[in-house]
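Reading through the structure tokens given below for one structure.
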Amino acid sequence: ITQDAIVRQNGASEVEITQTFNNVGSNTFSATVDQTGSGNLTDISQQDQGAANNGDSNIFAVVDQSGTDNRTLIDQFNRVQDVDVTQSGNDNLVDAFQDGNRNELDVIQSGSDNEVFSNQGGGGTGDITQSGNDNITDLVQTGESNVTALVEQAGSFNRVDIDQIENARGDDATVFQ
């Protein structure tokens, strides 16, 4: 079963996407949002609540926002999760929560005053690129092994907080400022 949501908006807009699968078996969620303008909000919640050992497939969220004061909020639950967010403009925010295994988070932000807050439970990869001033990255990764964080920031007043928690076998964090 595949569930796709595709949204394109121009102007100050809000979109809330909730995708839930409650049956045993394999499922794929895909949410794609493209927003332009100022004051946009994307709120995506994706959950595969089927039996964990019966194939839970992929959960994808792709968000592209351009303008000022844009917000992306993402919650993903279960396995094989992927978030890709691109934000251009000022005062943008990404807040992503992934609970499961094989989590991937890719965020690219350009402009000033950008923020990223992410919590990945069950292991994963966080790749965050921020350009401009006053950028913040706060990344918490929990997992048994092979947790990876790569943060690249350019500009001034940047801050990075990376917490890699649990068994710490093969964990890696790289920061370029």
Side-chain angles (χ1 to χ4, degrees), residues 1-22 27-49 58-78 80-100 103-121 124-141 149-162 176-177:
I1 296 173
T2 299
Q3 297 179 359
D4 295 331
I6 300 171
V7 178
R8 289 180 178 81
Q9 297 176 316
N10 187 356
S13 304
E14 293 186 15
V15 62
E16 182 176 337
I17 298 171
T18 301
Q19 296 171 309
T20 304
F21 186 70
N22 292 314
N27 195 48
T28 297
F29 295 128
S30 175
T32 303
V33 177
D34 186 357
Q35 294 175 315
T36 59
S38 298
N40 292 309
L41 171 65
T42 296
D43 188 350
I44 298 173
S45 177
Q46 298 171 310
Q47 300 182 55
D48 188 341
Q49 299 173 345
N58 301 307
I59 300 176
F60 300 101
V62 178
V63 178
D64 188 353
Q65 294 176 317
S66 61
T68 302
D69 194 32
N70 293 307
R71 305 285 180 257
T72 297
L73 311 173
I74 297 177
D75 292 312
Q76 294 179 320
F77 299 93
N78 215 335
V80 191
Q81 302 161 144
D82 191 350
V83 173
D84 295 310
V85 178
T86 301
Q87 293 177 319
S88 59
N90 297 322
D91 299 320
N92 295 312
L93 169 73
V94 175
D95 190 348
F97 177 81
Q98 297 173 301
D99 186 23
N103 304 312
E104 290 190 29
L105 172 71
D106 296 302
V107 177
I108 298 173
Q109 294 178 315
S110 61
S112 61
D113 300 319
N114 297 318
E115 299 178 301
V116 175
F117 301 99
S118 177
N119 187 327
Q120 295 178 309
T125 300
D127 188 349
I128 299 167
T129 302
Q130 296 174 310
S131 297
N133 298 317
D134 300 322
N135 299 316
I136 296 172
T137 299
D138 185 348
L139 179 61
V140 176
Q141 297 174 311
L150 172 62
V151 177
E152 299 178 49
Q153 296 177 316
S156 58
F157 304 109
N158 299 317
R159 181 189 103 193
V160 175
D161 294 319
I162 298 173
F176 298 99
Q177 290 181 310

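Worth saying up front: this structure is predicted, and the values here are computed from it rather than measured. Positions are given from 1, in the same order as the sequence printed here.
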Item to check | For Gly39 against Asn70, the heavy-atom pair lying closest together | outcome: N-OD1, 3.8 Å
Item to check | Spacing of OG1 belonging to Thr28 relative to CG belonging to Asn58, to within rounding of 0.5 Å | outcome: 5.0 Å
Item to check | Side-chain donor/acceptor of Gln98 to backbone N/O of Glu104, under 3.5 Å | outcome: yes
Checklist entry - Can you tell if the side chain of Asp84 reaches within under 4.5 Å of the side chain of Val62, non-hydrogen atoms only? => result yes
Item to check | Exercise: identify the closest heavy-atom pair between Gly100 and Gln81 | outcome: N-NE2, 4.0 Å
Checklist outcome for this item: For Ala154 and Asn135, the nearest pair of non-hydrogen atoms, with its separation, is O-ND2, 3.8 Å
Checklist entry - Which distance, rounded to the nearest 0.5 Å, do you find between the CD1 of Ile59 and the CD of Gln47? => result 8.5 Å
Checklist entry - For the side chain of Asn78 and the backbone of Asp48, is there at least one donor-acceptor N/O pair under 3.5 Å apart? => result yes
Item to check | Given Asn92, Asn158, Thr137, Asn114, the one that forms side-chain hydrogen bond (donor to acceptor under 3.5 Å, both in side chains) with Gln130 | outcome: Thr137
Item to check | Polar side-chain atom of Gln153 near backbone of Arg159 as donor-acceptor pair, under 3.5 Å | outcome: yes
Next on the checklist: For the CD1 atom of Ile74 and the CG atom of Asp43, what is their distance to the nearest 0.5 Å?
Outcome noted: 9.0 Å
Checklist entry - In Å and rounded to the nearest 0.5 Å, what is the CD1 to OG distance from Ile128 to Ser118? => result 6.0 Å
Next on the checklist: Rounded at 0.5 Å granularity, tell me how far CD in Gln35 sits from CG in Leu41.
Outcome noted: 7.5 Å
Checklist outcome for this item: Asn40 and Thr36 have their tightest heavy-atom pair at ND2-O, 3.3 Å
Checklist outcome for this item: To the nearest 0.5 Å, atom CD1 of Ile108 lies from atom OG1 of Thr129 at 5.5 Å
Item to check | Shortest non-hydrogen contact from Leu139 toward Gly126 | outcome: CD2-CA, 4.2 Å
Item to check | Main-chain N/O of Ser110 paired with Gln87 side-chain donor or acceptor, under 3.5 Å | outcome: no
Next on the checklist: If we ignore hydrogens and angles and just use 3.5 Å, is the side chain of Asn103 paired with the main-chain N or O of Gly121 as donor and acceptor?
Outcome noted: yes
Item to check | Donor-acceptor contact below 3.5 Å, side chain Gln46 vs main chain Phe60 | outcome: yes
Checklist entry - Would you say Asp95's side chain and Leu73's backbone share a donor-acceptor pair under 3.5 angstrom? => result no
Next on the checklist: Side chains of Ile44 and Val63, heavy atoms from C-beta outward: is any pair under 4.5 Å?
Outcome noted: yes
Next on the checklist: For a 4.5 angstrom cut-off between non-hydrogen side-chain atoms, does Leu150 reach Phe176?
Outcome noted: yes
Next on the checklist: Taking the side chain as everything from C-beta on, heavy atoms only, tell me whether Gln109 gets closer than 4.5 Å to Val94.
Outcome noted: yes
Next on the checklist: I need the minimum non-hydrogen distance between Gln76 and Val83, along with the two atoms involved.
Outcome noted: OE1-CG2, 3.2 Å
Checklist entry - Does the side chain of Val107 come within less than 4.5 Å of Thr86's, by heavy atoms? => result no
Checklist entry - Any side-chain donor paired with an acceptor under 3.5 Å for Asp134 and Ser112? => result no
Next on the checklist: Is there a side chain to side chain contact (heavy atoms under 4.5 Å, CB included) between Val116 and Ile136? Walk through the geometry before answering.
Outcome noted: CA-CA 6 Å; Val116 175; Ile136 296 172; over 6 Å; no
Checklist entry - Judged by atom type as modelled, is there a donor-acceptor pair below 3.5 Å linking the side chain of Gln120 to the main-chain atoms of Thr125? => result yes
Checklist entry - Sub-3.5 Å donor-acceptor pair from the side chain of Gln65 to the main-chain atoms of Arg71, do we have one? => result yes
Next on the checklist: Using ring centroids (six-membered ring only for Trp), state whether Phe97 and Phe117 fall under 6.0 Å.
Outcome noted: no
Checklist entry - Any side-chain heavy atom of Asn90 sitting closer than 4.5 Å to one from Asp69? => result no
Next on the checklist: Using side chain to side chain contact (heavy atoms under 4.5 Å, CB included), reason through Asp138 and Val140 one step at a time and then give a plain yes or no.
Outcome noted: CA-CA 7 Å; Asp138 185 348; Val140 176; 4.2 Å; yes
